[in-house]
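Presented below is the structure to which this report refers.
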Number of protein chains: 2
Amino acid sequence: MNNNNKVTNDIDAIPSLVQSKRQIDRYNLDIDAQAILVASRLMAAGAKLGHASEIHFSRFGLSTGRYRLLADLEDNEGEELPSQLAEHLGVTRATVTGLIDILERDGLVSRRSSSDDGRQRSVILTEEGAKKLREMAPEHFARLEAMVGLLNIEERSVFLDLLGRVTQGISALTGELGSETKGKHQ
Amino acid sequence: MNNNNKVTNDIDAIPSLVQSKRQIDRYNLDIDAQAILVASRLMAAGAKLGHASEIHFSRFGLSTGRYRLLADLEDNEGEELPSQLAEHLGVTRATVTGLIDILERDGLVSRRSSSDDGRQRSVILTEEGAKKLREMAPEHFARLEAMVGLLNIEERSVFLDLLGRVTQGISALTGELGSETKGKHQ
DNA sequence: ATATAATGATTAGGAACCTAACTATATAAG
DNA sequence: CTTATATAGTTAGGTTCCTAATCATTATAT
């Protein structure tokens with residue numbers, strides 16, 4: 001059929017240990033191949049999850065970013081400033097402006113100029129926006145829970161711990177060389 | 001100074017357990033808050049890693065995708081078809097075309113028409129491309145290793161295992177509801 | 001042999017995010 | 001009180017990836 005332009009289920013895209021070993025050996029580097037594998041796998045997982053997330057939210061007429069904005073609004077009594085949203089979501093204010101534009105066009109959110117500071121324009125969750133969140137909650141959370149369904153309670157704790165430490169380590173990619181354990185001491 | 005448009009170090013963007021609990025309680029759902037937390041944290045980590053990765057590779061005049069293409073070429077004797085590359089990298093052929101365009105413009109790769117099948121145009125790693133890989137290898141792998149430096153050998157194994165199972169679970173986001181343990185049995 | 005299908009790569013256009021520059025308001029300094 | 005500076009939000013334009021449509025070749029079916 002026309003499955004020729006499908007991304008082949010990512011099955012072949014999973015990095016293997018031999019691949020990592022080969023790359024390291026090629027340049028005679030003193031590097032732990034398993035460490036490279038962890039990094040590569042996390043990267044692949046992140047990309048795959050990001051893509052899956054967009055598909056998931058598109059079922060409700062949303063994107064990942066727009067859902068997160070709505071959810072954050074709901075967590076803050078339905079009203080926030082764009083700059084607060086940007087900080088909470090970990091994106092730039094420019095991105096927030098774009099997210100709001102579409103959410104406002106779709107009636108899920110509205111803008112209101114602030115009285116005390118003329119520069120601020122607070123964002124408000126509309127009744128329709130709240131309804132959208134209410135309607136999608138059961139399926140949304142059920143799917144998220146199912147996603148980690150292959151891990152038992154204890155494994156989830158362990159995973160959170162390990163993931164947290166690797167996440168700290170991400171700064172090793174962006175920071176100066178040799179300062180890998182910088183983010184937090186220890 | 002002008003750190004006002006920085007993404008605030010992502011520190012406030014880390015999802016917390018109370019946040020997850022609140023969201024679930026709001027709709028009286030029977031969902032494990034920790035499961036939601038795992039999903040949210042993985043998502044945040046993936047986004048952060050993706051961003052850091054782009055910064056990392058930009059130091060060498062590359063993007064994540066273009067580096068991965070070069071590395072895959074190197075892993076395959078310096079010659080591959082675009083369709084193979086697409087499969088290995090887990091992206092579409094259209095994306096590969098774009099990656100090749102820039103790599104070719106920069107002289108790291110060249111295209112050659114196949115003799116046996118006129119539709120195919122194989123991609124070849126140039127000497128300059130190989131040199132680029134050679135030069136960046138030490139720093140690149142050192143940084144990757146440093147990234148997981150907060151985990152010891154055993155923890156890396158555990159993390160790989162758990163990450164693998166969560167990655168399998170990602171299909172729960174995109175597949176039909178109720179088929180969460182589909183990818184592999186149990 | 002010739003019309004039809006499939007296939008490999010490309011092009012065209014879209015979505016999500018970014019940085020940098022801009023507008024309008026507010027605050028501080030002389 | 002006027003000028004300089006900082007801040008909130010927006011706009012403009014770029015990057016990476018995507019889907020869908022197109023072009024050129026090859027394979028298949030009458």
Side-chain angles (χ1 to χ4, degrees), chain A residues 1-8 10 13 43-44 46-48 50-55 57-58 61-69 80-87 89-105 111-123 174, chain B residues 1-8 10 13 43 46-55 57-58 61-69 80-87 89-104 111-123:
Chain A
M1 297 306 171
N2 71 340
N3 74 340
N4 56 325
N5 58 353
K6 224 173 152 189
V7 181
T8 70
D10 294 12
M43 206 140 201
K48 184 175 175 180
H51 189 222
S53 177
E54 293 301 341
I55 292 173
F57 287 116
S58 73
L62 293 175
S63 70
T64 304
R66 297 202 294 279
Y67 168 78
R68 295 217 303 135
L69 195 154
E80 269 185 285
L81 298 174
S83 47
Q84 294 178 303
L85 284 163
E87 189 166 333
L89 303 185
V91 299
T92 63
R93 288 171 302 165
T95 298
V96 166
T97 296
L99 296 176
I100 297 171
D101 283 346
I102 298 181
L103 288 170
E104 185 174 41
R105 182 202 65 191
R111 277 187 246 239
R112 176 167 62 194
S113 291
S114 170
S115 44
D116 37 317
D117 189 330
R119 291 169 302 182
Q120 299 179 341
R121 314 198 55 199
S122 64
V123 182
T174 54
Chain B
M1 296 304 171
N2 69 343
N3 73 342
N4 56 325
N5 59 351
K6 226 174 151 189
V7 180
T8 71
D10 293 11
M43 208 138 198
K48 183 175 176 180
L49 178 53
H51 188 223
S53 178
E54 292 302 340
I55 292 171
F57 287 116
S58 73
L62 293 175
S63 70
T64 304
R66 297 202 292 281
Y67 168 79
R68 296 217 301 137
L69 195 155
E80 270 185 284
L81 298 173
S83 47
Q84 294 177 303
L85 284 162
E87 189 166 335
L89 304 185
V91 300
T92 63
R93 284 172 302 169
T95 297
V96 166
T97 296
L99 296 176
I100 297 171
D101 284 345
I102 298 180
L103 288 170
E104 186 174 42
R111 278 186 246 237
R112 176 166 65 195
S113 292
S114 170
S115 45
D116 36 318
D117 189 330
R119 293 167 298 185
Q120 299 178 341
R121 315 198 56 199
S122 62
V123 181

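Per chain, numbering begins at 1; letters A, B, ... match sequence-line order.
- Taking a pair to require two hydrogen-bonding distances under 3.5 Å in either a Watson-Crick or a G-U wobble arrangement, C:dT19 pairs with D:dA12.
- At the heavy-atom level, B:S83 lies under 4.0 Å from the strands shown only through sugar-phosphate atoms.
- When heavy atoms are screened at a 4.0 angstrom cut-off, A:S63 is found touching the sugar-phosphate backbone but no base atom.
- Rounding to whole angstrom units, CG of residue B:D116 and P of D:dA24 are separated by 21 Å.
- If you take CD of B:E104 and P of C:dA9, they are 14 Å apart, rounded to a whole angstrom.
- For A:R119 against D:dG9, no side-chain N or O and base N or O form a donor-acceptor pair under 3.5 Å.
- Rounding to whole angstrom units, CG of residue A:D117 and P of D:dT7 are separated by 12 Å.
- Nucleotide D:dT11 holds its P atom 6 Å from the CG atom of A:D101, rounded to whole Å.
- Spacing between atom CG of B:L89 and atom C1' of D:dC18 amounts to 15 Å, rounded to whole angstrom units.
- Each of C:dT10, C:dC18, D:dG9 was ranked by its minimum atom distance to the side chain of A:Q120; first place goes to D:dG9.
- One interatomic measurement links the two molecules: CZ of B:R93 to P of C:dT7, which rounds to 10 Å at whole-angstrom precision.
- Side-chain atoms of B:T97 lie closest to C:dT11 of the nucleotides D:dG9, C:dT11, C:dC17.
- Rounded to whole Å, atom P of C:dG14 lies 18 Å from atom CD of A:E54.
- Within the shown strands, D:dC17 is the pairing partner of C:dG14 under the Watson-Crick or G-U definition, both distances less than 3.5 Å.
- Here the side chain of B:P82 is nearest to one of C:dA9, D:dC18, C:dC17, namely C:dA9.
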